Structures are given as C-alpha cells and as structure tokens.
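From a predicted model like this one, the values you see are computed outputs, not experimental measurements.
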Amino acid sequence: MRRYLPLLGVLFLLLLSACGPAEGEKSPEAPEAGPLELDTLAVEVSRGALSTEELTQAVRELPEALKAALADQGVEAEAISVSVGSSPEAMAQAVREGGVDVAFLPAEDYAALEHPPQLLLTAGDGEGAAMVRPEENLSGERFAQALAAAVNTIREDQPVFGPHDYAWAEPEEAG
C-alpha cells in the first residue's frame, strides 16, 4: 500500500488541476495576448481602373507600408508580398487554393463570384471587399480588425484600396 500512496497523491493532484472552477467562481483571466505573428502574408489586389504605374507602385511600396501599419496594430509579419490579380475569379481561386492569403477587390466583383471565399472586410457602402483564406490566424476578428485599421491608415497613399474605410465583415450567425 505504501508503494501506491505517492502515485495516488499525484493522481489526486492531476484530477484537481483538470477540474474547472466551481459554479459561481470566476475562471482565471486569460493572459494578455501578445502580437499576432505571421511568417508571411500574401496579398493580392485588383487591377480595377488603376494605371500600370499605380499598380507597379503598389507592388513595390505596399509590402513595407502594410508591414509597418500591421505592426502598429499588433500583427507582426516577417514578409509580405503583393501581387495583382488577373480577374476576380482567378483571385478567388488563388485564395481558395492558399496561394494568396487576402485579396482586395471591388464589392461588385466579389458579389458576382459563384463560390466566393470568406468575406473578411468591406469598404464604404458596398464599394470594396477583401476575401481571406480560411485559416485560424487570418479569418478571425483580431486579424480582421488589425488589417482594416492598417489599410485605413495607408489607403490615401495606396490607390489600390479605394477611397473608403474598411471594416470587419462580421460573419452571420447561423440560426
């Protein structure tokens, strides 16, 4: 019996630590969330009515501008790449297949897609949309709010985002 006493003690402690708080007690608060860390972020923008010069400028300048703006919002991305989509359908396919994490396009183009990826952000009164690859770090409210704030900070210098503020497109609740 003496051989089993320490084992029973350890088992008892494990059982106690596995139990949640008793009814009426508060559970301990979650620790402050640190920065959201991403290895890479692949962004695709729509050609829209932009000139070749504006698109070239976006591909050249947007990665660093977006990286800095996201860092200000608590999202650290080691690398950001920007590409220009050839069509809304190709952009949606790239997001679905994982070649692109987030794609920005006119809301009208998003609405016309037969099987659109998850909508993450909207801009203005149906002027712009951003679709996202459904991955835990990317499709949640934390990343959506940070991305919207980052884009709104830099959009005046980046015509690819259009003139309207972006906001999180809260998912509809099933019911």
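Checked by atom type and distance alone, the side chain of R96 never pairs as donor or acceptor with a backbone atom of M91 at under 3.5 Å. In this structure a side-chain-to-backbone donor-acceptor pair under 3.5 Å is missing from K67 to A79. Here the side chain of E97 pairs no donor or acceptor atom with the backbone of A94 at under 3.5 angstrom. Listed for the N152 side chain is a donor-acceptor partner under 3.5 Å among the backbone atoms of Y166. Side-chain N or O atoms of Q73 include none that pairs as donor or acceptor with a backbone N or O of V75 at under 3.5 Å.
Counting non-hydrogen atoms of neighbouring residues, nucleotides and ligands closer than 6.0 angstrom, the CD atom of E108 reaches no more than 12 such neighbours.
Using a 4.5 Å heavy-atom cutoff, the side chains of P88 and S46 are not in contact. Inter-residue side-chain proximity for L62 and F161 is flagged as met; some heavy-atom pair is nearer than 4.5 Å. Counting heavy atoms from C-beta on, the side chains of V43 and S81 never come closer than 4.5 Å.
Cluster membership check: I154 shares its hydrophobic cluster with L55, using side-chain heavy-atom separations under 4.5 Å among Ile, Leu, Val, Met, Phe, Trp and Tyr. Taking hydrophobic clusters as Ile, Leu, Val, Met, Phe, Trp and Tyr residues chained together by side-chain heavy-atom distances below 4.5 Å, L36 shares a cluster with V151. V95 and L41 sit in two unconnected hydrophobic clusters of ILVMFWY residues. Membership requires side-chain heavy atoms under 4.5 Å apart, directly or through other members.
Heavy atoms only, all atoms of each residue included: D109 and L105 are closest at CB-CD1, 3.7 Å. The minimum heavy-atom distance linking V132 with P117 is given by the pair O-CB, 4.0 Å. In this structure, R133 and V100 approach most closely via the heavy-atom pair CB-O, 3.9 Å. Shown here for V82 and A58, the closest heavy-atom pair between the two residues is CG1-O, 4.3 Å. The nearest pair of heavy atoms linking L120 to A144 is CD1-CB, 3.5 Å. Minimum heavy-atom separation, R155 to G162: CD-O, 3.8 Å.
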L147 and F104: side chain to side chain contact (heavy atoms under 4.5 Å, CB included), yes or no, with the steps?
-> CA-CA 12 Å; L147 182 62; F104 290 87; 4.1 Å; yes
Verdict with reasoning, L38 to F143, per side chain to side chain contact (heavy atoms under 4.5 Å, CB included) = CA-CA 10 Å; L38 306 172; F143 177 72; 4.0 Å; yes
Would you check, one step at a time, whether the test side chain to side chain contact (heavy atoms under 4.5 Å, CB included) holds for M131 with L113?
-> CA-CA 11 Å; M131 50 191 175; L113 292 170; 4.0 Å; yes
Evaluate the side chain to side chain contact (heavy atoms under 4.5 Å, CB included) criterion for residues E44 and V84: first the C-alpha distance (whole Å), next the side-chain angles of each, then the deciding distance (0.1 Å), finally the verdict.
-> CA-CA 5 Å; E44 194 160 78; V84 178; 5.9 Å; no
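Note that CD of E135 is 7.0 Å distant from CG of D101, once rounded to the nearest 0.5 Å. Atom OG1 of T153 sits about 12.0 Å away from atom CD of Q158, to the nearest 0.5 Å. Note that the CD1 atom of I80 and the CG atom of L66 stand 4.5 Å from one another [nearest 0.5 Å]. We find the CD-CD distance between E37 and E76 to be 5.5 Å, quoted to the nearest 0.5 Å. Taken to the nearest 0.5 Å, the OG atom of S86 stands 7.0 Å off from the CZ atom of R47.
Judged by distance alone, the side chains of Q93 and E89 never bring a donor and an acceptor atom under 3.5 Å apart.
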